[in-house]
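A short write-up of the structure that comes next.
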Amino acid sequence: HPDWSIDFVCVTQVKSSKAWRQSKIYDQVQGIGQDRLRFTDVLPYQQILRLYQEAAIAVVPSRYQEPFGRTALEAVASKAVLVTSGTGGLAEIGGDFAAYPGRQNPQAYADAIIALISDEEKRLSMAQQAYDRAKGLFEQALISEAYDDFVDEILSQS
């Protein structure tokens, strides 16, 4: 898909060098010119949001039981379709409108991404449905109101 590029924002707990991770990724994406791959370890928050706004697909492959999928929610709020492991809170964000590779390996993720690239109608539909769902579930005013009710309930029991 020559019109597509990839931005890797690789934050990991593993103590490996950036060069080592890049070489492993290049091995997995043979045939893609290195001019279409961009690597970053850590970015300021505003730049992350800009990347999400430019993205059609966001991949959040965490292996950890995420308590809440904020990264995934930010991607969905920017109308990027989500490809995720679904661990912990990531499934809460993706619901029925994310792609969950059955296996947690590079090939399974590549297959899920290629399927979304190849089916624009499905990709756009999933992104919109995920956005609509997230807006209904996680709208700030609703969350704030629920939190206020929770605090009031706790304080009334004291």
Side-chain angles (χ1 to χ4, degrees), residues 1-14 21 24-25 28-29 31-32 36-154:
H1 298 277
D3 296 336
W4 287 74
S5 61
I6 303 171
D7 284 288
F8 286 97
V9 182
C10 302
V11 178
T12 180
Q13 301 294 325
V14 177
R21 281 182 288 170
K24 290 296 183 187
I25 291 170
Q28 294 295 319
V29 292
I32 293 180
R36 292 176 39 213
L37 300 174
R38 291 179 295 273
F39 292 90
T40 308
D41 282 325
V42 179
L43 287 174
Y45 181 67
Q46 291 303 321
Q47 288 182 352
I48 293 287
L49 292 180
R50 183 184 53 75
L51 284 176
Y52 283 140
Q53 290 167 354
E54 295 171 358
I57 300 170
V59 181
V60 183
S62 182
R63 295 180 183 177
Y64 304 102
Q65 291 298 316
E66 303 291 341
F68 183 75
R70 180 177 171 173
T71 302
L73 181 57
E74 290 166 345
V76 166
S78 297
K79 295 189 179 177
V81 69
L82 185 63
V83 179
T84 182
S85 60
T87 57
L90 295 174
E92 178 183 5
I93 303 302
D96 293 334
F97 309 113
Y100 301 97
R103 299 173 325 274
Q104 295 301 300
N105 63 46
Q107 188 61 54
Y109 276 87
D111 292 345
I113 293 165
I114 290 167
L116 289 167
I117 290 172
S118 300
D119 190 341
E120 181 179 19
E121 184 176 329
K122 179 180 181 178
R123 183 179 72 250
L124 294 174
S125 175
M126 286 176 68
Q128 185 64 51
Q129 289 175 304
Y131 172 83
D132 292 342
R133 178 179 176 277
K135 187 174 180 182
L137 289 175
F138 303 108
E139 185 176 6
Q140 187 173 356
L142 296 174
I143 299 295
S144 180
E145 184 179 322
Y147 179 75
D148 289 345
D149 291 345
F150 172 74
V151 170
D152 288 345
E153 183 180 327
I154 296 298

Just how far is it from atom [atom1] of [X] to atom [atom2] of [Y], taken to the nearest 0.5 Å?
X    : Y    : atom1 : atom2 : answer
Y131 : L82  : OH    : CG    : 16.0 Å
L51  : E74  : CG    : CD    : 11.5 Å
I57  : I113 : CD1   : CD1   : 6.5 Å
L124 : K79  : CG    : NZ    : 10.5 Å
R133 : M126 : CZ    : CE    : 12.0 Å

Inset, instruction - Spell out, as yes or no, whether a donor-acceptor pair under 3.5 Å connects the side chain of S118 to the backbone of I114. - result: yes

Inset, instruction - Return yes if some donor-acceptor pair links the side-chain N/O of S78 with the main-chain N/O of A80 below 3.5 Å, else return no. - result: no

Looking at side-chain heavy atoms only, is the closest gap between [X] and [Y] below 4.5 Å?
X    : Y   : value
T87  : R63 : no
F68  : I93 : yes
S85  : L90 : yes
D132 : F97 : no

Legend entry - Passing candidate, side-chain contact (heavy atoms from CB on, under 4.5 Å) with S125, options R123, E121, K122, Q129: Q129

Inset, instruction - Determine the minimum heavy-atom distance between T84 and Y109, stating which atoms define it. - result: C-OH, 3.6 Å

Inset, instruction - Could you pull out the closest heavy-atom pair between Y52 and A58, with the gap in Å? - result: CE2-CB, 4.1 Å

